[in-house]
Colleague: 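Input: one structure, supplied below.
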2 protein chains.
Amino acid sequence: MAIGRLNRRLRNEREDDSLTLNQLSALGALERLGPTPVGELAAHERVRPPSMTRIISNLEELGLVVREPHPVDRRLAVVRITEAGLGKTAADRKRRNAWLANQLRTLTPEERKQLRDVLPILEKLTRS
Amino acid sequence: MAIGRLNRRLRNEREDDSLTLNQLSALGALERLGPTPVGELAAHERVRPPSMTRIISNLEELGLVVREPHPVDRRLAVVRITEAGLGKTAADRKRRNAWLANQLRTLTPEERKQLRDVLPILEKLTRS
DNA sequence: ATAACTCATTACCTTTGCTAACTGCCAGCC
DNA sequence: GGCTGGCAGTTAGCAAAGGTAATGAGTTAT
């Protein structure tokens with residue numbers, strides 16, 4: 001429940017109205033994973049393929065990603081982040097969520113460390 | 001972003017189709033806070049009053065909460081959890097999310113402790 | 001060669017949140 | 001005492017974001 005509340009807060013508090021959290025999350029995943037098929041990306045983001053299709057379509061309209069045919073299996077739509085997309089994540093990483101940055105600044109260093117350490121555990125819960 | 005992914009996972013994975021996560025969260029809050037006006041509850045759950053109105057209405061239809069007039073300020077609609085509601089949270093606490101319980105079982109004791117310790121920090125981020 | 005399966009997409013629906021507008025109630029001011 | 005402004009909750013209507021079911025194109029297996 002705490003996760004749900006914090007999620008709502010994070011969503012609301014983001015003054016940045018350029019990208020939704022999901023678009024941003026997908027973009028970040030693409031940056032880390034490299035070119036990835038839509039379905040795989042959907043699985044990673046815990047979303048159904050149709051939802052990911054829409055997210056990608058929006059990002060593609062903004063020129064932040066491109067869809068490319070897979071060289072050998074032409075059923076797959078491989079998504080790749082563009083230069084513009086990379087710029088976007090970099091820019092966003094800078095002024096990322098002024099609110100969150102501020103909040104984090106109010107925590108003690110230990111608290112921040114605790115948060116950092118718990119992150120892989122949360123990821124573990126998300127997968128598997 | 002990890003919060004978002006985990007949130008989606010938690011929502012999807014809950015086989016329990018009786019109550020939504022938000023209803024359950026509100027119910028739990030009511031149990032801990034005691035009778036609470038709608039607006040205050042909305043603030044606690046990080047939701048706008050109209051959204052909380054709907055959540056409460058649903059719970060009321062299920063007989064899990066009741067709305068009562070505030071003794072002195074009759075603008076306020078004080079929400080109180082019923083016996084049935086208490087039973088519901090207790091029942092839910094038992095078989096709470098078989099999936100989550102299983103997942104937690106795969107973690108080491110330290111990892112579970114880390115999670116537990118980070119919870120108040122997350123709450124702190126949610127408020128303020 | 002065809003049947004069965006897979007990936008992505010499309011079409012449509014549900015959930016859940018929001019804002020704006022409305023009602024009933026309280027409080028201050030004349 | 002009676003307006004006037006403001007506040008709590010609700011109602012109405014809308015938008016975002018997810019899901020399922022069905023479709024089309026491409027691949028694999030029989």
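Naming: A, B, ... by sequence-line order, numbering from 1 per chain.
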Colleague: Could you check how far CZ of B:R48 sits from P of C:dC18, rounded to whole Å?
Modeller: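 Result: 6 Å.
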Colleague: Calculate the interatomic distance between A:R11 atom CZ and D:dA15 atom C1'; express it in whole Å.
Modeller: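 One finds 12 Å between C1' of D:dA15 and CZ of A:R11, rounded.
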Colleague: Grab the two heavy atoms, one from B:L27 and one from B:G85, that are nearest each other, plus how far apart they are.
Modeller: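 For B:L27 and B:G85, the tightest heavy-atom pair comes out as CD2-O, 4.0 Å.
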Colleague: To check you understand the geometry: which heavy-atom pair defines the closest contact between A:L59 and A:L19, and what is its length?
Modeller: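 In terms of heavy atoms, the two residues are closest at CD2-CD2, 4.2 Å.
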Colleague: Which residues, if any, of residues 71-82 of chain A bring a heavy atom under 4.0 Å of DNA chain C?
Modeller: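 Within residues 71-82 of chain A, the residues near DNA chain C are A:R75, A:L76, A:A77.
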Colleague: Counting distance alone, no hydrogens or angles: does the base of D:dG18 have a donor or acceptor under 3.5 Å from a partner atom on the side chain of A:R54?
Modeller: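 Indeed there is one.
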Colleague: Provide, to the nearest angstrom, the distance between the CZ atom belonging to A:R5 and the C1' atom belonging to C:dG17.
Modeller: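 After rounding, the reported distance stands at 17 Å.
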Colleague: Are OP1 or OP2 of C:dG17 and a side-chain N or O of B:N22 less than 4.0 angstrom apart?
Modeller: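 Result: yes.
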Colleague: Nearest nucleotide by nearest heavy atom, which residue falls closer to the 5' end of DNA chain C, A:R8 or A:G39?
Modeller: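 Checking each residue's closest nucleotide, the 5'-ward one belongs to A:G39.
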Colleague: Within the 3.5 Å criterion, strictly below it, is a donor on A:N22 or B:R8 matched to an acceptor on the partner's side chain?
Modeller: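 Yes, because at least one side-chain N or O of A:N22 sits under 3.5 Å from a partner of the opposite role on B:R8.
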Colleague: Is there side-chain contact between A:M1 and B:L24, with heavy atoms separated by less than 4.5 Å?
Modeller: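 Touching, per the 4.5 Å side-chain cut-off.
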Colleague: On a heavy-atom basis, which atom in B:R112 and which in B:L104 lie closest, and how many Å separate them?
Modeller: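 Heavy-atom minimum between the residues: NH1-O, 2.8 Å.
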Colleague: Just how far, in rounded Å, is P of C:dT10 from CG of A:N58?
Modeller: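 It works out to 12 Å between those atoms.
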Colleague: Figure out the CG/C1' separation between B:L41 and D:dA8, and round it to whole Å.
Modeller: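 About 14 Å, once rounded to whole Å.
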Colleague: In whole angstroms, how far is the P atom of C:dG17 from the CG atom of A:N7?
Modeller: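 In whole Å, C:dG17 P and A:N7 CG are 11 Å from each other.
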Colleague: Mind listing the closest non-hydrogen atom pair of A:R127 and A:H44 along with its distance?
Modeller: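 Result for this residue pair: NH1-O, 3.3 Å.
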Colleague: Expressed as a whole number of angstroms, how long is the span from B:E45:CD to C:dT16:C1'?
Modeller: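 After rounding, the reported distance stands at 14 Å.
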Colleague: Nearest to the side chain of A:V47, heavy atoms from C-beta on, is which of D:dG18, C:dA11, C:dG17?
Modeller: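 Given the options D:dG18, C:dA11, C:dG17, the side chain of A:V47 is closest to D:dG18.
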Colleague: Separation of B:L10 atom CG from C:dT15 atom P, in whole Å?
Modeller: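 Interatomic distance, CG of B:L10 to P of C:dT15: 20 Å.
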Colleague: Of the listed nucleotides (D:dT20, D:dG18, D:dG9), which one gets closest to any side-chain atom of B:R67?
Modeller: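 Selected nucleotide: D:dG9.
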Colleague: Is any side-chain N or O of A:N12 closer than 4.0 Å to OP1 or OP2 of C:dG17?
Modeller: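 No, outside the criterion.
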Colleague: Is the closest side-chain donor-acceptor distance between A:R46 and A:T126 under 3.5 Å?
Modeller: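 No - no donor-acceptor pair under 3.5 Å links their side chains.
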Colleague: Among D:dT11, C:dC18, C:dA8, which nucleotide sits nearest the side chain of B:T53?
Modeller: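 The answer is D:dT11.
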Colleague: D:dG19 phosphate, OP1 or OP2: any side-chain N/O from A:S51 under 4.0 angstrom?
Modeller: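 For D:dG19, OP1 or OP2 has a side-chain N or O of A:S51 closer than 4.0 Å.
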Colleague: By nearest heavy atom, map B:P50 and A:R46 onto DNA chain D; which one lands nearer the 5' end?
Modeller: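 The 5'-side residue here is B:P50.
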